[in-house]
Amino acid sequence: FRAPGGDVVELDRKHKPAALLHALAGAGAPIGRDELVALVWPDEKILEEAAKDRLYATVALLRKAGIGDLVKSAATGYQLDPAVRVVRAE
């Protein structure tokens, strides 16, 4: 990905942050925490508190990688800043 005005950041080795970004980029509205956990960790049974911690940590990794404040927290989950245009690379 490349945040506006930023450098290209490769997430090839960071599968969970890449999966989270992919889910958020395809949404257009906030995605609930439970749904994000199901999308990013589809085959894992995770206790609710552990799932919340994993999601929080993965969002933090994306933010540190360069997304910054473009990942917005909503009352029900997370979304990408709607003002940012998402362009998928081929």
Side-chain angles (χ1 to χ4, degrees):
F1 73 88
R2 180 174 49 215
D7 295 327
V8 172
V9 175
E10 296 292 333
L11 292 176
D12 293 342
R13 293 184 168 192
K14 298 178 181 175
H15 300 291
K16 299 307 179 185
L20 177 60
L21 181 58
H22 181 76
L24 293 172
I31 302 177
R33 288 173 182 86
D34 292 340
E35 184 178 351
L36 285 171
V37 168
L39 289 168
V40 177
W41 295 276
D43 298 323
E44 295 185 43
K45 293 184 179 183
I46 309 170
L47 295 174
E48 186 175 341
E49 193 63 29
K52 180 181 167 186
D53 291 345
R54 282 189 191 186
L55 183 58
Y56 181 83
T58 305
V59 168
L61 282 172
L62 275 179
R63 287 178 172 155
K64 284 182 185 179
I67 285 257
D69 291 335
L70 298 179
V71 176
K72 301 290 186 187
S73 297
T76 58
Y78 292 96
Q79 75 179 99
L80 286 181
D81 185 334
V84 173
R85 190 179 83 168
V86 175
V87 177
R88 294 188 186 271
E90 297 298 322

**OP:** Kindly compute the distance separating CD1 (I67) from CG (L62), expressed to the nearest 0.5 Å.
**Re:** 5.5 Å
Original post:
Would a hydrophobic clustering, with Ile, Leu, Val, Met, Phe, Trp and Tyr connected at side-chain separations under 4.5 Å, put L61 with Y56?
Top reply: no
Original post:
Which residue pairs pass the salt bridge (charged side-chain N to carboxylate O under 4.0 Å, His left out) test with at least one member in residues 66-82, sequence neighbours excluded?
Top reply: none
Original post:
When clusters are formed by joining ILVMFWY residues with side-chain heavy atoms under 4.5 Å apart, either directly or through shared neighbours, do L39 and V59 land in the same one?
Top reply: no
Original post:
Does the pair L80 and L21 meet the rule for a side-chain contact (heavy atoms from CB on, under 4.5 Å), with working shown?
Top reply: CA-CA 9 Å; L80 286 181; L21 181 58; 4.2 Å; yes
**OP:** Working to the nearest 0.5 Å, report the span between CG of L55 and CD1 of I31.
**Re:** 10.0 Å
Subject >> By side-chain contact (heavy atoms from CB on, under 4.5 Å) - contacts of I46 (at least two apart) >> reply: V37, W41, E44, A50, A51, R54
**OP:** Grab the two heavy atoms, one from A74 and one from R33, that are nearest each other, plus how far apart they are.
**Re:** O-NH2, 3.4 Å
**OP:** State which residues pass side-chain contact (heavy atoms from CB on, under 4.5 Å) with E49; sequence neighbours excluded, sorted by chain then number.
**Re:** K52, D53
Original post:
Hey, does Y78 have a side-chain heavy atom less than 4.5 Å from the side chain of P30?
Top reply: no
